[in-house]
Participant: 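Here it is, the structure, as structure tokens.
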Protein chains: 2
Amino acid sequence: MKAPSTPLMGYAILGLIQQKPSSGYDLRKIFAETAMGNYSSSPGAIYPALERLEAKRLIRGEVTESMGLRRRKAYRLTARGEAELKQWLSRPIVPNDVMRGAGELMLRFAFMEQVLGSSVASDFLVQFSAALKAYIPALESCLLNNAPHRSLSARLALECGIRGYQSLQEWTQYAIRQYRKSQTNQTSRPAQSR
Amino acid sequence: MKAPSTPLMGYAILGLIQQKPSSGYDLRKIFAETAMGNYSSSPGAIYPALERLEAKRLIRGEVTESMGLRRRKAYRLTARGEAELKQWLSRPIVPNDVMRGAGELMLRFAFMEQVLGSSVASDFLVQFSAALKAYIPALESCLLNNAPHRSLSARLALECGIRGYQSLQEWTQYAIRQYRKSQTNQTSRPAQSR
DNA sequence: TCCACCATGTAACTGGTTACATGATTAC
DNA sequence: GTAATCATGTAACCAGTTACATGGTGGA
């Protein structure tokens with residue numbers, strides 16, 4: 001009774017390929033050099049991941065050997081792949097998403113506007129903010145309950161986690177304001193891929 | 001040319017066991033119910049991890065079958081285990097630690113005071129703060145360089161990462177102040193395990 | 001007695017890690 | 001020609017996941 005779920009890195013690849021058809025090498029560079037560095041850029045991670053996605057018919061690769069260029073296998077999304085990506089991006093936020101660190105939610109949000117449009121991204125922020133609002137008090141009570149702490153450093157580490165979520169919450173408010181600002185300027189359109 | 005490194009969860013277990021000898025079940029509860037929930041509480045993760053640590057002679061388990069109690073295998077640190085834990089806690093902070101998310105550094109800090117004393121923990125915070133100060137500008141320039149962003153949501157996601165590190169930096173300052181405050185009240189002692 | 005929970009494990013699968021292999025192309 | 005870099009891959013290993021198995025203990 002388990003969905004044959006694509007791991008997080010698979011979705012990262014789907015999202016990047018949706019933005020721009022890419023080779024394994026392109027993806028390695030992105031993971032190695034940009035802020036997406038939390039995902040592995042090792043060939044032993046990326047090439048097998050591409051093969052798995054291709055086996056599931058979510059992407060398709062074609063070699064571009066034309067005129068003296070280096071051999072290069074560029075992947076692009078299939079219709080199934082785009083559907084899978086949209087389905088992932090459309091999932092509702094569940095408490096577990098927030099508890100396990102917000103990495104997956106942020107990855108989804110980063111791709112969301114291009115794929116589903118700015119109004120969906122804006123709605124997502126509202127959901128996100130609400131989920132954080134519900135979760136933070138639980139952490140704070142955890143801090144108070146454990147009043148007789150083992151050490152100052154242990155308590156501070158816990159406080160650091162709470163601050164992280166508070167900062168995330170502040171970011172959602174900021175981001176919501178940014179979307180409101182942009183909506184007054186231009187109409188919300190479903191983000192056509194050029 | 002690779003150290004037979006204990007994975008992060010192994011150190012989490014060593015740290016917890018140092019605080020208080022524990023069984024696999026105890027650890028499961030801690031990982032499931034407290035703020036350490038980012039580590040897996042599944043039996044398939046914990047029991048093999050305990051076996052690995054025992055095989056490396058870092059911990060030793062003994063069954064406590066006394067008087068009608070349920071069978072229970074409590075582990076405690078060996079001398080080697082304590083040495084390994086101290087060695088891990090004493091490692092200098094390298095840029096990579098900060099880039100790959102600060103999870104390992106926070107775990108180390110949480111255990112640090114009990115094992116190595118408050119002055120080491122305090123020094124650690126200073127190092128941590130310096131590492132963050134060096135890293136944040138790189139992220140900010142990444143934001144500026146990618147000025148023609150794909151979408152507002154992608155830019156905001158990047159900003160969220162930066163804010164997270166800034167909040168971490170603010171926390172280090174706060175934590176350093178807390179240590180200064182505590183040092184004026186009581187002398188810094190190497191934290192004897194009772 | 002039977003159910004809930006305590007407590008420890010095991011097995012198959014999945015996927016990431018390090019490290020190595022291979023060869024083509026470009027710049028010097 | 002030779003070094004750097006582009007580009008794709010492979011293999012052995014390691015550890016976490018889900019799911020199941022086993023049995024003791026206490027309370028209804």
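So you know, we letter chains A, B, ... as the sequences are listed, proteins then strands, and number each from 1.
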Participant: Listing time: all N or O pairs from protein to nucleotides 3-6 of chain C that are below 3.5 Å?
Facilitator:
| residue | atom | partner | partner atom | Å |
| --- | --- | --- | --- | --- |
| C:dC6 | OP2 | B:Tyr25 | OH | 2.9 |

Participant: So what is the end-to-end bend of the helix from C:dT1-D:dA28 to C:dC28-D:dG1, with 5 pairs used at each end and the value given to 10 degrees?
Facilitator: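 Its terminal axes enclose an angle near 10°.
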Participant: What pairs with A:Ile46 under side chain to side chain contact (heavy atoms under 4.5 Å, CB included), at least two apart in sequence or on another chain?
Facilitator: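 Side chain to side chain contact (heavy atoms under 4.5 Å, CB included) check on A:Ile46 returns A:Met9, A:Leu27, A:Arg28, A:Phe31, A:Leu50.
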Participant: Test of understanding: with side chain to side chain contact (heavy atoms under 4.5 Å, CB included), list the residues that count as partners of A:Lys86, not counting sequence neighbours.
Facilitator: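 Per chain and number, A:Lys86 pairs via side chain to side chain contact (heavy atoms under 4.5 Å, CB included) with A:Glu82, A:Val115, A:Leu116.
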Participant: Taking only residues two or more places apart in sequence, or in another chain, which ones meet A:Glu33 in a salt bridge (Lys or Arg N to Asp or Glu O under 4.0 Å)?
Facilitator: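 With neighbours one apart ignored, the set is empty.
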Participant: Looking at residues at least two apart in the chain, or sitting in another chain, which of them share a side chain to side chain donor-acceptor pair (under 3.5 Å) with B:Asp26?
Facilitator: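 Here the qualifying residues are B:Ser23, B:Arg72.
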Participant: If the cut-off is 4.0 Å, is A:Arg52 near the phosphate of C:dG15, judged by side-chain N/O to OP1 or OP2?
Facilitator: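 Answer is yes, contact under 4.0 Å.
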Participant: Can you measure A:Asp26 atom CG to D:dG9 atom P for me and round it to whole angstrom units?
Facilitator: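 That distance rounds to 13 Å.
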Participant: Please pick, from C:dG9, D:dG16, C:dG15, the nucleotide with the shortest atom-to-atom distance to any side-chain atom of B:Lys73.
Facilitator: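 That would be C:dG9.
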Participant: With sequence neighbours excluded, tell me which residues meet side chain to side chain contact (heavy atoms under 4.5 Å, CB included) with A:Gln127.
Facilitator: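 A:Ile93.
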Participant: Rounded off to whole Å, could you give me the CG-to-C1' distance for the A:Leu50 and D:dT8 pair?
Facilitator: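 Taking atom C1' of D:dT8 as the reference, CG of A:Leu50 is at 10 Å.
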Participant: Residues two or more places apart in sequence or in another chain: which of them pass side chain to side chain donor-acceptor pair (under 3.5 Å) with B:Arg177?
Facilitator: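 B:Arg177: no side chain to side chain donor-acceptor pair (under 3.5 Å) contacts found.
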Participant: Taking side chain to side chain contact (heavy atoms under 4.5 Å, CB included) as the test, write out the residues that go with A:Gln166, two or more places apart.
Facilitator: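 Checked A:Gln166 against side chain to side chain contact (heavy atoms under 4.5 Å, CB included); matches are A:Ile136, A:Glu140, A:Ile162, A:Arg163.
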Participant: Check side chain to side chain donor-acceptor pair (under 3.5 Å) between A:Glu51 and all other residues, then give those that pass, not counting sequence neighbours.
Facilitator: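 Scan of A:Glu51 (side chain to side chain donor-acceptor pair (under 3.5 Å), adjacent residues dropped) gives none.
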Participant: Can you measure A:Glu51 atom CD to D:dT10 atom P for me and round it to whole angstrom units?
Facilitator: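 Going from A:Glu51 (CD) to D:dT10 (P), I get 6 Å.
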Participant: Rounded to whole angstrom units, what separation is found between the CE atom of A:Met9 and the C1' atom of C:dT17?
Facilitator: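 After rounding, the reported distance stands at 12 Å.
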Participant: Please tell me if the side chains of B:Tyr179 and A:Leu156 come closer than 4.5 Å, counting only heavy atoms from C-beta onward.
Facilitator: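 Of all side-chain heavy-atom pairs linking A:Leu156 with B:Tyr179, at least one is under 4.5 Å.
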Participant: Could you give the OH-to-C1' distance, from B:Tyr75 to C:dG9, as a whole number of Å?
Facilitator: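 Those two atoms, OH and C1', are 10 Å apart.
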Participant: For side-chain contact (heavy atoms from CB on, under 4.5 Å), just list the numbers for B:Phe111 and B:Leu107, CA-CA rounded to whole Å, side-chain angles, deciding distance to a tenth of an Å, and then say yes or no.
Facilitator: CA-CA 7 Å; B:Phe111 293 137; B:Leu107 186 66; 3.8 Å; yes
Participant: For B:Gln173, enumerate each residue passing the side chain to side chain donor-acceptor pair (under 3.5 Å) test, keeping only those at least two apart in sequence or located in another chain.
Facilitator: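 B:Ser129.
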Participant: Could you check how far CD of A:Glu54 sits from C1' of D:dT8, rounded to whole Å?
Facilitator: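 Taking atom C1' of D:dT8 as the reference, CD of A:Glu54 is at 13 Å.
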Participant: When the distance from CG of A:Leu27 to P of D:dC6 is rounded to whole Å, what number comes out?
Facilitator: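 Distance check: A:Leu27 CG to D:dC6 P gives 15 Å.
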Participant: Expected output is a numbered-order residue list: members of residues 32-49 of chain B with a heavy atom under 4.0 Å from any atom of DNA chain C. What is it?
Facilitator: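 Of all residues in residues 32-49 of chain B, the ones placing a heavy atom under 4.0 Å from DNA chain C are B:Pro43, B:Gly44, B:Tyr47.
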Participant: If I take atom CG in residue B:Leu8 and atom C1' in nucleotide C:dG16, what distance separates them, rounded to the nearest angstrom?
Facilitator: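 That distance rounds to 15 Å.
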Participant: Pick base, sugar-phosphate or nothing for A:Arg28, based on heavy-atom distances below 4.0 Å to the nucleic acid.
Facilitator: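 Since a base atom lies under 4.0 Å of A:Arg28, the category is base.
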